[in-house]
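Here's the structure, in structure tokens; my notes come after.
Throughout, a chain's letter reflects where its sequence line sits, starting with A, and its residues are numbered from 1.
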Amino acid sequence: APHGPWVGYLVLNCDDPETEQAALAAVDYVNRHLLWGFKHILNQIDKVRVWPRRPFGEVFEMEIDTLETTCHVLDPTPLANCPVRQLHEHAVEGDCKVHVLKQDGQFHVLSAKCDSSPDSAEDVRKVCPGCALLVPRNNTAVVHAAEAALAAFNAQSNGSYFQLVEISRAQLVPLPESTYVEFVVAATDCVAKEVTDQSQCNLLADKQYGFCKATLTKKLGGEEVAVTCTVFQTQPVVPQPQPDGTNQTASSPAVVPDAPSPPPASPPAASLVVGPMV
Amino acid sequence: SVAQPGVAVATGPAPPVCPGRIRYFKV
């Protein structure tokens, strides 16, 4: 028995390199299992306890803070190259409680539970009094802006007809009065110029997703829309490592019907294809 | 620590430092 008041766990510095390795493994795991929204990046390690694990290894019990980046979870850009969403863009924080097993020098995530929350309106106003605040993604004006932007995009497209997959975030801009929206689209088997009945279009078997940013501005007697979309290169479906050690196909319909498949564990670098701009 | 010469000063492991550094900004 060890001397002194043995509490069962070891304490490490939150900035200990081993602690950071465990935290980065947890963030990577969380990002690979997000089904919508944006990748998160490690901001701060709040707490860490290291428990011995029988018969081998040790378990890092941690609390970590993350920040939303501007990279969508379907974006193959490596996390290290993803800019953090700034305060004036209405930042979003994540709070995670994770258990990470270290065994034979390897980190494996056993569990992860995260809650995300936007910065308070008061805090945004402090740094940027005129900045637009996040609004619910199902806001009527937001949905209209996304649909109008996608229609404009398809009207200018010489390729596939794209369908709306997800509205990822949106802000109502006070001056000039406009709606800013970021959304995900997916290519269908229809040709954009020839579509007559959208309900007959099907998503491609090799899913091809795109990410769009649009601003819809109200004008006297009408509205104006500006949209830019980035189409991601088709990504192979790879088995996703699970906490219980089994592998699961990312797009397995038994798990998440009709949900976009998460990006691969090691996405190819520099695989972005820039689509048309309207 | 300040001590008289010849007087032993208790030294132990530094307490762990948590929370860790903020990499970007605090929300």
Side-chain angles (χ1 to χ4, degrees), chain A residues 3-4 7 9-20 22-24 27 40-50 60-70 79-80 82-95 115-124 126-127 134, chain B:
Chain A
H3 296 288
V7 288
Y9 58 84
L10 300 172
V11 280
L12 277 182
N13 285 341
C14 279
D15 285 335
D16 185 280
E18 203 176 19
T19 309
E20 185 165 15
L24 291 174
V27 171
H40 276 239
I41 199 163
L42 179 63
N43 188 36
Q44 188 178 33
I45 299 168
D46 286 333
K47 289 180 186 171
V48 58
R49 289 176 174 178
V50 184
F60 288 69
E61 179 188 16
M62 312 173 73
E63 291 183 24
I64 58 178
D65 290 342
T66 63
L67 285 173
E68 184 186 272
T69 70
T70 60
L79 181 63
C82 293
V84 170
R85 186 81 63 178
Q86 295 299 302
L87 285 167
H88 68 266
E89 299 172 284
H90 204 162
V92 175
E93 181 193 38
D95 287 306
D115 295 303
S116 66
S117 54
D119 195 5
S120 70
E122 293 74 21
D123 285 353
V124 177
K126 271 183 209 167
V127 295
L134 282 171
Chain B
S1 301
V2 178
Q4 290 180 343
V7 176
V9 177
T11 56
V17 181
C18 279
R21 67 188 171 95
I22 297 170
R23 287 156 179 79
Y24 299 96
F25 50 82
K26 198 69 184 168
V27 169

**Report entry** Side chains of L67(A) and V27(B) in contact at under 4.5 Å (non-hydrogen atoms)
**Finding:**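 In contact.
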Query raised in the report: What residue among T66(A), D65(A), V84(A), L87(A) forms side-chain contact (heavy atoms from CB on, under 4.5 Å) with Y24(B)?
Result: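 Result: among T66(A), D65(A), V84(A), L87(A), V84(A) is the only option passing the side-chain contact (heavy atoms from CB on, under 4.5 Å) with Y24(B).
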Requested in this report: Supply the atom-to-atom distance D119(A) CG to F25(B) CZ, rounded to the nearest 0.5 angstrom.
Outcome: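 The CG atom of D119(A) sits 8.0 Å away from the CZ atom of F25(B).
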Requested in this report: Kindly write out the residues that satisfy side-chain contact (heavy atoms from CB on, under 4.5 Å) with R23(B), not counting sequence neighbours, or none if the list is empty.
Outcome: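 Partners of R23(B) under the side-chain contact (heavy atoms from CB on, under 4.5 Å) test: D15(A), E20(A), L42(A), N43(A), I45(A), R21(B).
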Requested in this report: Not counting sequence neighbours, which residues clear side-chain contact (heavy atoms from CB on, under 4.5 Å) with K47(A)? List them please.
Outcome: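 Residues passing side-chain contact (heavy atoms from CB on, under 4.5 Å) with K47(A): E63(A).
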Report task. Taking all heavy atoms of C14(A) and all of G20(B), pick out the closest pair and write down the distance. Result ->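 Closest approach of C14(A) to G20(B): CB-N, 3.3 Å.
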Query - Closest approach of C18(B) to L12(A) (non-hydrogen atoms, all atoms of both residues) - result: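 Closest approach of C18(B) to L12(A): SG-O, 4.0 Å.
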